[in-house]
Amino acid sequence: MSRIKVMSRLLANRIAAGEVIERPASVVKELVENAIDAGASEITVEIERAGNRLIAVTDNGCGMDSEDAMLALQRHGTSKLLNENDLDCIMTLGFRGEALPSIASVSCFTLKTRQPGADSGTEVFCAEDGELHQKPYGGPPGTRIEVRDLFCNLPARKKFLKSPATEEHHIEEMVAVMAIGHPEIGFKLLLDNRMVLHTPGTGKIEYRLREIFGKKFVDNMLFFEHTENELHLSGCVAAPGFTRPSRKDQKVFINSRPVEAQAVYRGIRDGYGALAESGRYNPVVIFLDMPPEQLDVNVHPAKREVRFKSEYAISRAVSAAVSGALRQMRTPESIPAAIRENDLPLSGKLPLSLILDSAAISYTPPSAVQDELPVLPPETTFTELSRPVEAAPAVPEPEVAVPEPEVPAISAVPAGAAEVKKELSPLVREVRPAAFTGNWPRRIIGAIDNTYILAESSTGLVLIDQHAAHERIMFEHILAAANAGNAVSQALLIPETVELPLPMVRLLTGNSEVFAQLGFEVESAGGTAVIVTAVPQAAKNHRPVGEWLCDMLTELLENSGASPGGIAPEFAARAACKAAIKAHDELTLPEMEKLLAMLRTCRQGTLCPHGRPTVIDVSLKEIERRFGRR
């Protein structure tokens, strides 16, 4: 008897669902793409219980007749490809014919549709056994698809879903991306009957970006159009200094399809050139229209990746478009409003090259000469650091006066912070191998690149990462105070209004108790704006509140999925460390001494909250070996 058998239609569809349907956001993506391909001008997405109970997408597109409604649920049933030649010139978002039957095989699926002008429509219901049932439908023209009890027959897949807050965030992100890619279409998103997004289809990308990201985002963007051979690029790029900690806000659309393309990312990086900040990413929205035969979209089942015939030509065109947009800043009328109003970009710095270009000044810098590093007198030692940790004073050290101009202030660790209760946080009590095995430094020699503090110990050389060290100090300070119930807030002299993307606003308002426990006082101002009246005392420094608050929320959105009941305080405390001293921030010698003194009192001062070392040592033996003495 033959051992090879042909799979049943239901089993094949469920296997295909494993490739196409990763989470509820994947269902939303496939259904919204079908609505766009149907010519809809209004699309409504309704979600209940993060998509586990209901995902419904309603559009006013062309609809289907009764025969097409049944064929749409057959595997590989599609109206977008007629023969193999059409595969080389795909212009629609969907084309595989796998999405609807795959979704129907792992849920309770209902399709309601009616063509404009038709007397009646059709309703198709897919039962758990895969059988299709059809009946007349009298609703409005267009199509409505309801997906209930997603993964009801695949409990193994359902248990791998993240928390409801995380899944809702992915859905919001997906709808926002589709809305940015199609500003001519009106979108509505309802989460548990709450209107989260309502944006009309004006056709203007700047209006759509303002509704999703806020006014400040748009004010710091430079809009452009660029044509090179058969490539047409349009969109906007961020002014230098307006950055994000991840590439999340770099949106790329190829023929209106949201994709991830390394060739485009390389072009963005090359276009910024020396204006790019290390470890930071400038927000970018790029629409690239090109002949469909020059790219392959049939690479990934979820259609996230594409391949180009000539990646070099794509990178070169993107680089030229980005650099051309940045040259707009050389004229006063094209400088973003934030800069014209004496509000520098979030880094607080305007590149010297742009100032010189605007003033038409010819300038040749002299030969670079390294400034002499600050050195302590030979007799100066850290006497207070030579004592055992147990003998550390119970009272926090007094604040060191900071001379003008203002430099980063370092908050002292409260008494008892070194003995954080074991039950407070798994991140604090976790025992990890120490990254630093040498002796504690006796005196500071200087600083390298305003990033690494250079110090001398009895066994050699010690380097301290000032950013990682301050992160560890802040983390233990904030978390210990929060768990003790005595978090100290630093009230802002003037409450600051901060504009954030909609998902970040919902994250703040939905976890207000957690943020209040840490020392934040934030309230919604409507839309994409929030008002910050106080921040944790340990997080108050020279960086603009809007900048590090956005960085903090970005990290929470990306890394808080492991917390099933919302955001846990330890995750929020770790993310709040984004307010720490940054690399290249210049510190005075007393501040360096104070930083080391507080780092020594930390329970686990050799590692930052994210697992990177704060201190490393180079032994005298290693130095002598490098110089050929051994």
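Just the heavy atoms: all of them, side chains too, but no hydrogens, waters or symmetry mates, feed the values below. Numbers for residues simply follow the sequence, beginning at 1.
Under the 3.5 Å distance criterion, the side-chain polar atoms of E167 are matched with a main-chain donor or acceptor of K162. Although no hydrogens or angles enter the test, the distance criterion places no donor-acceptor pair under 3.5 Å between the side chain of E184 and the main chain of T202. A donor-acceptor contact shorter than 3.5 Å is absent between the side chain of R266 and the backbone of Y312. K251 places a side-chain N or O within donor-acceptor distance of the main-chain N or O of K248, the cut-off being under 3.5 Å. Not a single donor-acceptor pair under 3.5 Å links the side chain of H170 to the backbone N or O of A25. In this structure a side-chain-to-backbone donor-acceptor pair under 3.5 Å is missing from R244 to Y281. For the pair D59 (side chain) and G61 (backbone), a donor-acceptor distance under 3.5 Å is present. Under a 3.5 Å cut-off, the side chain of R210 and the backbone N or O of V218 do not form any donor-acceptor pair. Distance alone, capped at 3.5 Å, is enough to place a donor-acceptor pair between the E499 side chain and the K216 backbone. For N220 (side chain) and A239 (main-chain N/O), no donor-acceptor pair under 3.5 Å exists by modelled atom type.
Between Y452 and D465 there is a side-chain heavy-atom pair separated by less than 4.5 Å. By the 4.5 Å heavy-atom criterion applied to side chains, P258 and M178 are counted as neighbours. Inter-residue side-chain proximity for P24 and I47 is flagged as unmet; no heavy-atom pair is nearer than 4.5 Å.
Considering only residues two or more places apart in sequence or on other chains, T227 meets the side-chain hydrogen bond (donor to acceptor under 3.5 Å, both in side chains) condition with H232.
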Next item on the list: Dump the intermediate steps for side-chain contact (heavy atoms from CB on, under 4.5 Å) on N450 and L587, then the final yes or no.
Entry: CA-CA 7 Å; N450 284 329; L587 301 182; over 6 Å; no

Notebook entry, point to check: Can you list the steps and then say if F213 with I180 is a side-chain contact (heavy atoms from CB on, under 4.5 Å)?
Noted result: CA-CA 11 Å; F213 294 108; I180 293 171; 3.6 Å; yes

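No hydrogens or angles considered: nothing links the side chains of H470 and Q466 as a donor-acceptor pair under 3.5 Å.
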